Amino acid sequence: MTPAILLLAFVTAERLAELVLARRNTQALLAQGAVEHAPGHYPLIVLLHAAWLVGLWVFGFDQPVSPFWFAVFMLLQAARIWVLATLGPRWTTRIIVLPGAPLVAKGPYRFVSHPNYLVVVGEIAVLPLCFGLVWFALAFSIANAIILAIRIRAESTALAGAPP
C-alpha cells in the first residue's frame, strides 16, 4: 500500500471509530437526562465530512504525501486525542447538554472555548495539503467555515443554558 492509501485508511478508520464512540456517548448522556440542541444542521455536518473523506479518496489516493503537512496533521491528531480525553464520556458529534453539569474547563478548554473545532478546521485544510490538493483544502475549508458558524453559535447558546 502507498503512503497515501495508508493515511486515508487511518483517517477513515479513525472517523468510523469516532462515530461509534459518539453514538455510545450520546445514548449514555440522553439516558442521564441530557438534551440535544439544534439538531437541524447535523445532517450538513455529516454530509460535509463524508464528502470530504470520499473526495480525498478520489483525488488523493495516488498522490505523494508531503512530510511537512503529514507532521502538521499528526500534531492535529495529538490535539484531537487531548480533546477527546478531556471530554471523556461528554464528547459527541452532536450538541448534547446535560442539565446542571458544569462546563469543562480543563485540558485545552482552559485556553479556548471550542478546541475540537480548531482541530477540525486544521484537519479539513491540512489533510488535503498532505496530498498537494490546495483547491480541495480551500473549497472544503470555506464550506466548513459556513457550517461551523452555525454550529458554534448553536453550541454556545446551548451551553449558556438556552432551551433546546
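Note that these values count all heavy atoms, side chains included, but never hydrogens, waters or copies made by symmetry. Source: prediction; values computed, not measured.
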A.B. asks: With no hydrogens and no angle check, just 3.5 Å: does a side-chain donor-acceptor pair link Glu36 and Tyr42?
C.D. replies: no

A.B. asks: Kindly list each side-chain donor-acceptor pair under 3.5 angstrom involving residues 66-73, sequence neighbours excluded, with atom names and distances?
C.D. replies:
unit_1: Ser66; atom_1: OG; unit_2: Phe68; atom_2: N; d: 3.4
unit_1: Ser66; atom_1: OG; unit_2: Trp69; atom_2: N; d: 3.3

A.B. asks: What closest approach, in Å, do Leu98 and Leu29 show between heavy atoms, and which atom pair accounts for it?
C.D. replies: CD1-O, 4.2 Å

A.B. asks: Taking it one step at a time, do Asp62 and Thr2 satisfy side chain to side chain contact (heavy atoms under 4.5 Å, CB included)?
C.D. replies: CA-CA 8 Å; Asp62 62 348; Thr2 68; over 6 Å; no

A.B. asks: Are the side chains of Leu127 and Leu7 in contact, using a 4.5 Å heavy-atom criterion?
C.D. replies: yes

A.B. asks: CG/Leu76 to CD1/Ile124 distance, rounded to the nearest 0.5 angstrom?
C.D. replies: 11.0 Å

A.B. asks: Phe140, Val11: one ILVMFWY side-chain cluster at the under-4.5 Å cut-off?
C.D. replies: yes

A.B. asks: Taking all heavy atoms of Ala143 and all of Leu48, pick out the closest pair and write down the distance.
C.D. replies: CB-CD1, 3.6 Å

A.B. asks: When you group the ILVMFWY residues by side-chain heavy-atom contacts below 4.5 Å and let the links chain together, are Val120 and Met74 in the same group?
C.D. replies: yes

A.B. asks: For a 4.5 angstrom cut-off between non-hydrogen side-chain atoms, does Leu84 reach Leu21?
C.D. replies: yes

A.B. asks: Within this structure, what is the CG-CD1 distance for the pair Leu47 and Ile147, rounded to the nearest 0.5 Å?
C.D. replies: 7.5 Å

A.B. asks: Is the shortest side-chain heavy-atom distance between Leu87 and Tyr109 below 4.5 Å?
C.D. replies: yes

A.B. asks: Taking it one step at a time, do Asn144 and Trp52 satisfy side chain to side chain contact (heavy atoms under 4.5 Å, CB included)?
C.D. replies: CA-CA 10 Å; Asn144 186 50; Trp52 175 77; over 6 Å; no

A.B. asks: Below 4.5 Å, heavy atoms only, C-beta onward: do Val20 and Leu16 meet side chain to side chain?
C.D. replies: no

A.B. asks: With rounding to the nearest 0.5 angstrom, report the CG to CG distance, Leu53 to Leu8.
C.D. replies: 7.0 Å

A.B. asks: To the nearest 0.5 Å, what is the distance between CG (Leu148) and CG (Leu44)?
C.D. replies: 11.5 Å

A.B. asks: Side chains of Arg23 and Thr26, heavy atoms from C-beta outward: is any pair under 4.5 Å?
C.D. replies: no

A.B. asks: Is there a side-chain contact between Leu56 and Phe61 (heavy atoms, below 4.5 Å)?
C.D. replies: no

A.B. asks: Got a sec, which residues hit side chain to side chain contact (heavy atoms under 4.5 Å, CB included) with Gln63, two or more places apart in sequence or on another chain?
C.D. replies: Phe131

A.B. asks: Looking at SG of Cys130 and CD of Glu123, how far apart are the two atoms once the value is rounded to the nearest 0.5 Å?
C.D. replies: 10.5 Å

A.B. asks: Are Arg110 and Thr86 side-chain neighbours, meaning at least one heavy-atom pair lies under 4.5 Å?
C.D. replies: no

A.B. asks: Pair Arg151, His114 - check side chain to side chain contact (heavy atoms under 4.5 Å, CB included), show working.
C.D. replies: CA-CA 11 Å; Arg151 171 69 172 218; His114 300 284; over 6 Å; no

A.B. asks: Quick check: is Leu118 connected to Leu75 through a chain of hydrophobic side chains (ILVMFWY, heavy atoms under 4.5 Å apart)?
C.D. replies: no

A.B. asks: Do the side chains of Val134 and Leu129 get nearer than 4.5 Å, heavy atoms only?
C.D. replies: yes

A.B. asks: Supply the atom-to-atom distance Glu18 CD to Thr93 OG1, rounded to the nearest 0.5 angstrom.
C.D. replies: 9.0 Å

A.B. asks: Would a distance-only check, ignoring hydrogens and angles, find a side-chain to backbone donor-acceptor pair under 3.5 Å from Trp82 to Gly107?
C.D. replies: no

